[in-house]
2 protein chains.
Amino acid sequence: MQMNRSTRRTRNVITINDVARLAGVSPMTVSRVVNDEKNVRESTREAVLLAVRELNYVPNLAARNLASAEHVRIGVIYSNPSAAYLSEFLVGVLDESAGKGAELLLVKCEASNPDAERISVQRLIDSAVTGVVLPPPLSESDTVREALQAAGIATVGVATGRFRSDLSCVRVDDRAAAEDMTRYLLDLGHRRIGFIKGHPNQTASAERLTGFRAALRHAPDAKAEVVQGYFTFPSGLEAAERLLDAEVRPTAIFASNDDMAAAVVSVAHRRGLDVPRDLTVVGFDDTSISTTLWPALTTVRQPVSAMAAAAIDLLLRETRAAKDGRTPEPTDVIVPHTLVERQSSSPPRPA
Amino acid sequence: MQMNRSTRRTRNVITINDVARLAGVSPMTVSRVVNDEKNVRESTREAVLLAVRELNYVPNLAARNLASAEHVRIGVIYSNPSAAYLSEFLVGVLDESAGKGAELLLVKCEASNPDAERISVQRLIDSAVTGVVLPPPLSESDTVREALQAAGIATVGVATGRFRSDLSCVRVDDRAAAEDMTRYLLDLGHRRIGFIKGHPNQTASAERLTGFRAALRHAPDAKAEVVQGYFTFPSGLEAAERLLDAEVRPTAIFASNDDMAAAVVSVAHRRGLDVPRDLTVVGFDDTSISTTLWPALTTVRQPVSAMAAAAIDLLLRETRAAKDGRTPEPTDVIVPHTLVERQSSSPPRPA
DNA sequence: CTGAACTCTGATAGCGCTAACCTCGCCTGC
DNA sequence: GCAGGCGAGGTTAGCGCTATCAGAGTTCAG
């Protein structure tokens with residue numbers, strides 16, 4: 001009762017063979033053109049590309065994978081970084097792995113205790129992943145790193161504060177970024193600057209503080225006040241209270257992340273201080289809170305999507321190398337950060 | 001100079017054949033067991049499952065796809081919903097489509113004007129997607145919907161305020177959710193309640209207002225004050241000022257989303273009002289801002305991940321139906337919302 | 001006790017693509 | 001003039017899985 005099909009399923013999608021037929025070449029040549037390989041005459045290449053466009057041919061990733069790639073399955077363990085971070089991160093991961101034809105496996109790590117982390121890692125191992133990408137803060141978890149290394153799974157950490165010789169990572173230079181931001185504050189004319197440290201269990205915290213101190217060394221007339229924070233909004237509230245209680249108030253406060261910077265703004269407002277006229281507040285990370293608040297925060301932006309993509313790329317290279325028998329040295333990829341100037345910073349009010 | 005491999009590439013991954021050999025059955029039977037098909041004797045099934053566990057076998061998605069699925073490529077156009085929303089959404093989309101072996105294609109729609117939207121849609125069409133999932137606010141864009149319909153691409157909208165007969169959608173019942181929240185406020189004892197409307201170009205705004213009004217009808221002694229907002233933080237600031245300027249202040253304010261609720265808290269604090277003792281503030285959406293603020297917001301939570309997954313599932317069913325020649329009626333999937341009680345709400349202070 | 005129907009399982013043939021090998025023609029050097 | 005090399009293709013053989021169909025065995029009505 002149906003029209004009789006040549007073979008089993010209906011396929012009305014155009015394949016590499018259709019293109020080959022139209023272009024008058026073999027499928028292999030089409031494959032070469034599509035994959036941008038050499039050893040194809042220019043005229044042939046053009047003919048193929050014409051046919052590709054004509055038919056609106058899009059390669060079947062599944063088939064390409066099956067035929068070429070060595071079954072790459074990439075695991076991502078995410079705990080709870082800011083949602084804004086995660087979404088950008090996922091977009092980067094997705095774009096890159098879709099293009100490279102890698103299979104993705106997301107695993108959520110509910111709590112940040114060793115047991116939960118081990119369970120998450122185990123789930124990935126059970127799923128036979130070939131590599132794992134770790135966004136922060138898991139990229140600095142010893143438990144996770146050790147478990148993966150023990151299982152012999154290639155791993156790339158994203159946004160670790162420092163490079164360590166046993167883990168490839170993609171990161172911005174936290175120290176330089178903090179130094180840039182501090183110099184920006186000094187250039188605006190600030191000489192009393194408060195700094196809120198990040199959580200001590202993340203190396204980025206120390207790096208940012210180091211950068212801050214380094215910049216100040218070039219301005220001997222500047223005074224700094226450093227207080228502890230823990231990357232959370234409440235810890236920022238407390239730190240801000242402490243900084244603003246000083247007998248001589250700072251004219252600028254540099255918080256180690258945006259959440260704490262937002263808390264500083266909140267405290268300033270409650271004390272009747274105008275931001276930025278009475279107090280400049282700057283953050284770090286450029287998460288969504290920096291633009292949903294008023295005034296929008298001046299902060300340091302990391303190219304999260306690009307970093308995630310770079311991590312996938314690095315991971316693919318490492319697994320490929322491992323398959324060839326080589327044991328690649330861990331790589332340290334540093335991507336450029338940018339200083340985003342918004343409305344929460346200005347020169348200090350003249351005394 | 002290398003060891004001589006039987007055929008081309010090295011494959012050290014265990015396949016369905018390994019399992020079949022160990023279990024002493026044919027690969028086809030293993031496939032049946034793994035895919036949970038019937039017509040397999042219980043003893044056989046157990047033997048296979050044992051072998052699967054023994055070898056830690058995980059099916060190769062690419063191969064499964066190539067052999068079975070009809071080349072499903074799902075497009076997602078995201079513009080800029082809150083990052084928190086997007087990340088949850090992406091997690092849901094990824095989990096579901098990875099499981100179903102669908103290829104994913106993300107496209108960002110930079111601006112929210114018809115031209116940018118048309119370009120995004122065109123990119124998807126050029127990539128030969130078989131279906132598209134639209135997160136808000138694009139799920140309510142006429143431009144996008146019409147362009148996709150014209151191209152004959154199956155589409156599912158997520159979190160549209162209402163069901164419309166030409167587009168399948170997955171959503172919560174905004175009206176009922178707003179009604180629930182309002183009833184919650186009434187139950188706490190509030191009788192003067194301010195409401196901040198959402199952007200008029202989204203149907204959810206009207207639905208939420210309708211729900212609010214419906215709940216109030218059961219409390220004739222309650223007084224409501226409704227002002228316009230636009231889902232943004234600044235618009236929330238303005239709306240809050242207006243509500244709190246009234247000669248008799250409301251004891252509770254229900255903002256149509258969390259950003260505006262956050263703005264209300266900000267204004268309240270600036271006026272020296274304690275939240276929730278002097279003013280209860282509740283939001284809608286449960287985005288990350290609701291927990292990064294102090295006090296954390298009582299709000300309505302949508303199961304975003306589950307909705308995204310449901311959308312993918314629905315889309316797959318529709319494309320499959322379309323392939324069989326059937327033209328499926330658009331479906332309206334309503335998922336349950338939940339009221340999340342946090343610290344921004346309490347009974348009104350006794351007069 | 002036979003044919004029909006149904007259950008379980010295996011053999012075969014690809015899905016769309018590419019790795020590895022092969023062929024053919026042309027150029028180069030001696 | 002011929003070995004050797006190289007560039008531009010084609011040929012073959014799968015990648016790991018499943019649709020399809022063809023049995024073999026089993027059940028059951030008549």
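Per chain, numbering begins at 1; letters A, B, ... match sequence-line order. Below, all heavy atoms of this structure are taken into account, side chains as well, without hydrogens, waters or symmetry copies. Note that the structure is a prediction, hence the values are computed from the model and not measured.
Of the side-chain N and O atoms in Thr29(A), none sit less than 4.0 angstrom from OP1 or OP2 of dG9(D). Of the side-chain N and O atoms in Ser26(B), none sit less than 4.0 angstrom from OP1 or OP2 of dA11(C). Listed pair Asn17(B) / dG16(D) fails the phosphate criterion, with no side-chain N or O lying under 4.0 Å from OP1 or OP2. Listed pair Ser68(B) / dC17(D) fails the phosphate criterion, with no side-chain N or O lying under 4.0 Å from OP1 or OP2. Contact check, Asn60(B) against dC15(D): no side-chain N or O comes under 4.0 Å of OP1 or OP2.
Atom CG of Leu61(A) is separated from atom C1' of dC17(C) by 11 Å (rounded to the nearest Å). Between the CD atom of Glu37(B) and the P atom of dT20(D) there is a distance of 11 Å, rounded to whole Å. Atom CG of Leu66(A) is separated from atom P of dC15(C) by 13 Å (rounded to the nearest Å). For the pair Asn39(B) CG and dT20(D) C1', the computed distance is 14 Å after rounding to whole Å.
Checked against dC8(C), dT18(C), dG10(C), the side chain of Met28(B) finds its nearest nucleotide in dG10(C). Picking from dC17(C), dG9(D), dT11(D) the nucleotide with the shortest atom distance to the side chain of Ala63(A) gives dC17(C). Of the candidate nucleotides dT9(C), dT18(C), dC17(D), dT18(C) has the atom nearest to the side chain of Ile16(A). Side-chain proximity of Val25(A) to the nucleotides dG10(D), dG10(C), dC15(D) is greatest for dG10(D). The Arg41(A) side chain lies nearest to dA8(D) when the options are dC8(C), dT18(D), dA8(D).
Between the side chain of Arg32(B) and the base of dG10(C), at least one donor-acceptor pair of N or O atoms lies under 3.5 Å.
Interatomic distance, Ile74(B) CD1 to Leu105(B) CG, rounded to the nearest 0.5 Å: 11.0 Å.
Electrostatic pairing of Asp126(A) and Arg123(A) does not count as a salt bridge here, judged by no charged N lying under 4.0 Å from a carboxylate O.
Rounded to 10 degrees, the angle between the two end axes of the helix from dC1(C)-dG30(D) to dC30(C)-dG1(D) is 40°, with five pairs used at each end.
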